[in-house]
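Since the model is a prediction, treat every value here as computed from it, not as a measurement. In what follows, every chain begins at residue 1, and chains take the letters A, B, ... in the order their sequences are listed.
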Protein chains: 2
Amino acid sequence: MAKSNAPITEHLAYLLAQANREINRQLELRLSKEGVPVEQWRILKVLSDGDGHSMGELADAVLLNHPTLTKMIDRMVSDTLVYRVQDPNDRRKVLMFISDRGKVLCKRLNSLAVDQEEHILESYGDKSTSELKRLLESLIDSSN
Amino acid sequence: MAKSNAPITEHLAYLLAQANREINRQLELRLSKEGVPVEQWRILKVLSDGDGHSMGELADAVLLNHPTLTKMIDRMVSDTLVYRVQDPNDRRKVLMFISDRGKVLCKRLNSLAVDQEEHILESYGDKSTSELKRLLESLIDSSN
DNA sequence: CTTCAATTGTTGAATATTCAATATTTTCAA
DNA sequence: TTGAAAATATTGAATATTCAACAATTGAAG
């Protein structure tokens, strides 16, 4: 049974927030070399399969609320990293695509992100990393 | 070696963000019963040892930037959940204390938070939960 | 068919967060 | 002891996020 007087550092919610904050901060630092926020990297990465993704789909995938995504996409359209196309099959929907410029940027960002993953692998270890990933995936699964 | 074309769902940074978002959303939902944001629960919990904590210390502990914490504390002071005392030993510092009202509220919040932990234990399992906590702690350690 | 509910995306106002600058106090070296 | 640098917290302006309302389209029941 969980104790209600346990220090906050023993709560799973807190540990997740703390770990996320730290890892995200590191990634942010690397991506800032290209002046791109983490969320934009996520967007480019999801779109880099070349398919069209609706805003709703994209919002889920990149962990952003709809209005926040809309405004971020507005900026990225201005920067010609992505573009909107009305879905011909369902005209309520907007399909997002990555541009050539977006693809080029995404490649550079991917390599910065991989740098970080490798840095984590070094200091944290191969075994721990893959075990942690496995557990996180299963936690996410069990929460739906 | 990490692959730069790996889907975003294989990045540790992404899995952490996703898990954190989901668990935090659930906790938020429970705490909303008392109309309190997660960060305020963290603050009350840290202060509930009865000691005075400086703003800097508190900001670290509750994972908030200094200006954000200052403004949140302003609200909590208005609600008489906490109060400020100038540190007599170092007058640059402000020591934060929890009020009696804050303590009462904190108890109710703790039990909501424990509800959630127990819900996670049920659906995710005892073993996985403690193993995940262990790995998260060690990741955080290795990142400093 | 028509109408009403549901889905999808955007907007504007309200709210919250962040960045840079500031004020105060302490530390420490000259 | 003095003066410059560091540490601490707050403020205000700029930015970002969220909430609720909206517009457009589709789906589906009558």
Among A/Val104, A/Leu112, A/Asn110, find the residue that satisfies the side chain to side chain contact (heavy atoms under 4.5 Å, CB included) test when tested with A/Arg108.
A/Val104
Euclidean distance, atom CD1 of residue A/Ile73 to atom P of C/dT11 [Å, nearest integer]:
13 Å
Any A/Arg84 side-chain nitrogen or oxygen under 4.0 Å from OP1 or OP2 of C/dG9:
no
For C/dT11, does either OP1 or OP2 sit under 4.0 Å from a side-chain N or O belonging to A/Thr70?
no
Would you say the side chain of B/Leu64 lies within less than 4.5 Å of the side chain of B/Met72, judging by non-hydrogen atoms?
yes
Report the nucleotide, chosen from C/dT25, D/dT10, D/dC19, that has the shortest atom-to-atom distance to any side-chain atom of B/Arg92.
C/dT25
Which nucleotide in the list D/dA9, D/dT25, D/dG12 gets nearest to the side chain of B/Lys71?
D/dG12
Do the side-chain N or O atoms of A/Asn65 get closer than 4.0 angstrom to the phosphate oxygens (OP1, OP2) of D/dT17?
no
To the nearest 0.5 Å, tell me how far A/Leu136 CG sits from B/Asn20 CG.
10.0 Å
Side chains of A/Leu105 and A/Leu109: closer than 4.5 Å at any heavy-atom pair?
yes
Heavy atoms from C-beta onward define the side chain here; which of C/dT10, C/dT17, D/dA16 lies closest to that of B/Met72?
C/dT17
Residue met sooner reading DNA chain C from 5', once A/Asp74 and A/Lys93 are mapped to nucleotides
A/Lys93
Most 5' of A/Asp90 and A/Leu64 on DNA chain D, judged by nearest nucleotide
A/Leu64
Determine: side-chain N/O of B/Arg91 to OP1/OP2 of C/dT25, distance under 4.0 Å, yes or no.
yes
Using the closest heavy atom to pick a nucleotide of DNA chain D for each, name whichever of A/Asn89 or B/His66 lands nearer the 5' end.
B/His66
